[in-house]
Amino acid sequence: MALLVLGAVHLAAIGAGFLAPYAPTEQNRSLPYAPPTRLRFVDAEGRLHLRPFVYRLVEREGAGGVYDEDTSRPWPVRLFVRGASTDRVHLFGVEEPARVFLLGADGFGRDQLSRLLHGAQISLFAGLMAATLSLGMGWLLGTLAGFYGRWIDAALMRGAELFLALPWLYLLFAVRAVLPLSVSPGQAFLLLVLVIGLVDWARPARLFRGVVLSARERNYVLAARGFGASDLYLIRRHIAPQTIGLLLTQAALLVPQYILAEVTLSFLGLGVGEPVPSWGNMLAALQRYHVLSSYWWMWIPGLALVPVFLAYFALSEALRARAGPASP
Amino acid sequence: MNRKAPVKRALVAVAVVLRSAAAFAQTAPPADLLRTDHDVGRPGGRLVFALRSEPKTLNPVTAVDSASRDVIGRMTGDLVHIDRQTQRTGPALARSWGASPDGRHYTLELRRGLRFSDGHPMDADDVVFSFACYLDERNGSPQRDLLIVGGKPVAVRKLDDYRVAFELAQPYAAAERLFDSFAVLPRHLLEKAQQEGRLAQAWGLGTSPAEMAGLGPFRFKSYVPGDRLILERNPHYWKVDPAGRSLPYLDEVVFLLVPSEDAQVIRFKAGETDLISRLNAENFDVLAGEAAPRRYRLEDLGPGLEYTFLFFNLNDLADGKPAMSAKQAWFREIAFRQAVSAALDRAGMVRLVSRGRGTPLATHVTPGNRLWVNRAVLPPKRSLDRARDLLARAGFSLKDGALRSAAGAPVEFTIVTNAANAARVQLATIVQDDLRELGMKVQVVPLENRALLDRVFQSHDYEAAVMALASGDVDPNGEINVWLSSGPTHLWHLGQAQPATPWEKEIDEGMRRQLVTLDPQERKRLYDRVQELVAENLPLIPLISPNVLVGAKEGLGNFRPAVLDHYVLWNADELYWR
């Protein structure tokens with residue numbers, strides 16, 4: 001179940017270009033903070049339409065930010081339309097000049113749904129990639145430390161403690177200040193992944209070290225060693241399989257944590273910059289009181305985090321149950 | 001002396017109550033009070049105002065930050081004052097003044113019988129002492145430059161106890177405006193510090209109220225660090241209302257420290273503060289959208305003096321990297337800047353950033369400056385065709401949707417701006433989107449304000465920036481630091497020994513000539529020409545000017561907000577609770 005939800009969410013993110021009705025950076029300067037467009041079946045004269053339609057929104061004269069529906073003409077929602085600005089086929093859309101903003105628009109009149117889907121590419125995959133990186137490093141260093149012990153163990157674990165003690169938020173500020181001004185969104189994304197992943201390898205490394213430490217003292221490992229098995233063989237054949245369960249549970253736990261880390265960093269302006277959307281920089285608009293208090297649809301990226309997190313936690317719970325009560 | 005003072009004070013009070021100063025003319029000279037012209041109010045009450053940051057000092061000589069100046073402005077008086085509403089000068093501590101025909105000698109006649117807030121009398125010695133303090137280099141006063149005219153400091157001389165002469169090295173237009181906001185200091189309290197060279201350290205926030213005195217409507221009472229600063233009524237203030245009652249009406253002014261604008265709005269909405277100024281349009285709409293029983297009223301005063309603008313780095317970079325030099329070659333082309341300007345959707349900026357409460361700008365002079373704006377210069381209408389045409393003629397070409405320079409390099413640059421200011425970041429994002437349509441690839445980099453200023457003023461390590469400036473006064477002289485090519489705020493190209501371009505030379509000449517021209521019409525003509533030059537050459541590309549938006553609690557009398565600083569507290573002496 002959890003896997004299904006996660007699969008669907010990630011597929012939606014990958015297919016954002018097709019699923020989203022507009023380009024995430026397309027501004028509509030006459031429609032700042034337009035509320036979610038209502039899909040209708042019954043028009044102003046009471047006639048029933050089989051195909052859902054929308055009314056065009058028009059800003060009320062003299063009252064900034066208040067919109068009225070122009071009911072003089074319905075604009076039917078069509079499937080598989082070619083976008084005006086992007087020249088690619090979108091799942092659905094309406095003819096210009098009407099707009100369909102299912103989740104409302106932000107302060108530049110950009111479609112929140114399109115931004116949410118495109119933002120998911122960054123937020124969800126930053127979490128996945130950072131988790132891969134930090135678990136990879138954690139697994140490698142933790143296994144080395146646990147397997148070889150002695151000075152390797154001491155050096156790696158002291159190093160891990162050092163990383164745990166780092167005030168990473170300030171480290172990030174420092175890193176950002178040293179970097180050149182112009183960081184393209186792609187570079188910013190990689191940087192984000194690198195920073196989150198590299199800073200946080202220490203905790204998984206400690207866990208893996210513990211598991212490896214107990215595994216290498218097992219009788220069958222000692223026996224294999226007695227028969228002259230090489231270190232690499234031992235790790236591959238006997239030690240690594242012991243850590244798989246832990247690896248998966250950790251992954252399911254860390255991914256949402258790192259998604260949240262991306263959201264936090266972008267919220268603080270340290271992540272991917274405008275106009276490229278990420279859930280964090282979309283939520284950053286809520287730092288302003290009037291957005292917080294007046295436009296509920298600006299909260300949607302925050303709400304979207306909830307099912308994603310629940311799915312990941314359910315997944316980690318399921319993995320733990322499958323691995324049996326022994327695993328941490 | 002100390003024993004006599006209360007007697008004199010009592011006499012002044014009696015004179016005021018009886019409103020028959022003549023009867024006492026023989027016994028004690030009556031104080032020469034200024035009679036104001038506004039609604040007669042009721043005494044008593046306190047006014048609460050939120051400051052966005054903690055004041056750094058209460059010293060009028062050294063204060064730079066706006067929070068300090070907000071407080072000090074209520075505690076001090078100046079010789080000649082600019083009426084914030086009419087934008088014209090009027091008598092204050094000086095009852096009258098006269099200029100010699102050559103505009104180099106000014107004589108100010110002081111009001112007689114005035115007292116500092118501690119009861120000590122004020123006379124010409126205090127005025128001479130005050131200007132000596134502002135001019136003393138040891139004190140590092142930010143206002144010192146204003147007193148250097150024609151390269152020489154203004155000479156201040158006492159003629160008698162109530163007359164002071166000011167001599168200027170060259171004629172200086174509208175010199176009387178200079179006196180505004182030069183607070184007259186109490187010599188009896190500060191002379192020792194000045195002689196010992198410690199004046200810059202005097203009057204910090206820890207100073208005891210007994211060691212401070214001023215000529216403003218209020219005087220220092222107490223300060224709780226991080227929380228509030230309280231001023232109390234100055235019983236010796238030199239203004240009376242039309243009914244002859246001494247001002248101010250209010251007993252106390254409380255400055256609360258509320259660090260963010262949003263928090264200020266919430267406190268104002270909750271009725272915890274009585275006045276709010278410098279609101280942004282969004283919060284203004286939030287407040288205006290409140291349900292019917294509102295306990296405050298809001299006013300949109302129209303455009304203020306603040307102008308936001310985009311500018312490119314035109315500095316001579318000694319260690320310029322080749323990539324930056326190539327970019328600067330475009331930035332230096334007038335056609336490039338004109339194309340950028342033509343592509344900008346200023347109407348959209350007003351709509352999105354100021355929610356309609358703003359004005360597109362043609363030059364740095366906003367329509368809020370009614371006396372000086374050149375109405376013949378109109379903000380450019382958005383025209384992508386004109387922009388493309390200008391670029392094509394300057395050798396730029398469009399290839400696969402990307403604009404390329406004559407040398408074939410793609411046109412890409414970054415715009416830095418203040419991350420803490422959401423409106424600036426929004427403006428920069430709109431600029432980015434507008435220029436994308438010309439094929440320029442622009443990135444917006446919001447920076448912490450200190451880092452931004454360092455890059456612009458010190459290291460010159462940036463490509464373009466969106467910033468704002470606001471002059472304190474409507475007079476062109478307030479803008480001179482920006483427009484002289486050698487000026488310290490000549491942002492886009494700092495530290496020029498010689499004007500780098502012919503038009504900068506012409507602006508220099510225009511600004512210098514208007515400075516020494518005494519005929520107001522001729523000055524206006526000269527400043528109009530400067531505005532034309534700015535609109536044509538676009539050293540900074542003017543964007544929009546946000547309206548000045550303010551609010552006050554219901555029941556505050558004589559609330560007359562102005563587009564000049566301080567927008568709502570400038571007439572604190574007249575405010576009262578109904």
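Reminder, nothing fancy here: chain letters follow the sequence lines and each chain counts from 1.
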task = With rounding to the nearest 0.5 Å, note down the distance linking CD in A/Gln27 to CG in B/Asp345.
result = 9.0 Å
key: B/Gln426 side chain reached by A/Phe108 side chain, heavy atoms, under 4.5 Å   = yes
task = Taking heavy atoms only and a threshold strictly under 4.5 Å, list by residue number the residues of residues 110-124 of chain A that touch chain B; give 'none' if the list is empty.
result = A/Arg110
ask   = Does anything in residues 267-281 of chain B get under 4.5 Å of chain A by heavy atoms, and if so which residues?
value = B/Lys269
task = Among the options A/Gly109, A/Gly107, A/Pro275, pick out the one with the most heavy-atom pairs lying under 4.5 Å from chain B.
result = A/Pro275
message = Looking at every non-hydrogen atom in both residues, tell me the closest pair between A/Ser294 and B/Val286 and how far apart they are.
response = OG-CG2, 3.8 Å
message = Counting heavy-atom pairs closer than 4.5 Å to chain A, which one of B/Glu412, B/Gln432, B/Glu448 comes out on top?
response = B/Gln432
task = Could you tell me whether the side chain of B/Arg351 and the main chain of A/Arg29 form a donor-acceptor pair under 3.5 Å?
result = yes
message = Please find the pair of heavy atoms, one from B/Asp262 and one from A/Tyr289, that lie closest to each other, and give the distance.
response = OD2-N, 2.7 Å
remark   = So CD of A/Glu26 and CG of B/Asp433: to nearest 0.5 Å the spacing works out to 9.5 Å
request  = Can you tell which part of B/Ile430 gets under 4.5 Å to a heavy atom of chain A, answering side chain, backbone, both or neither?
outcome  = both
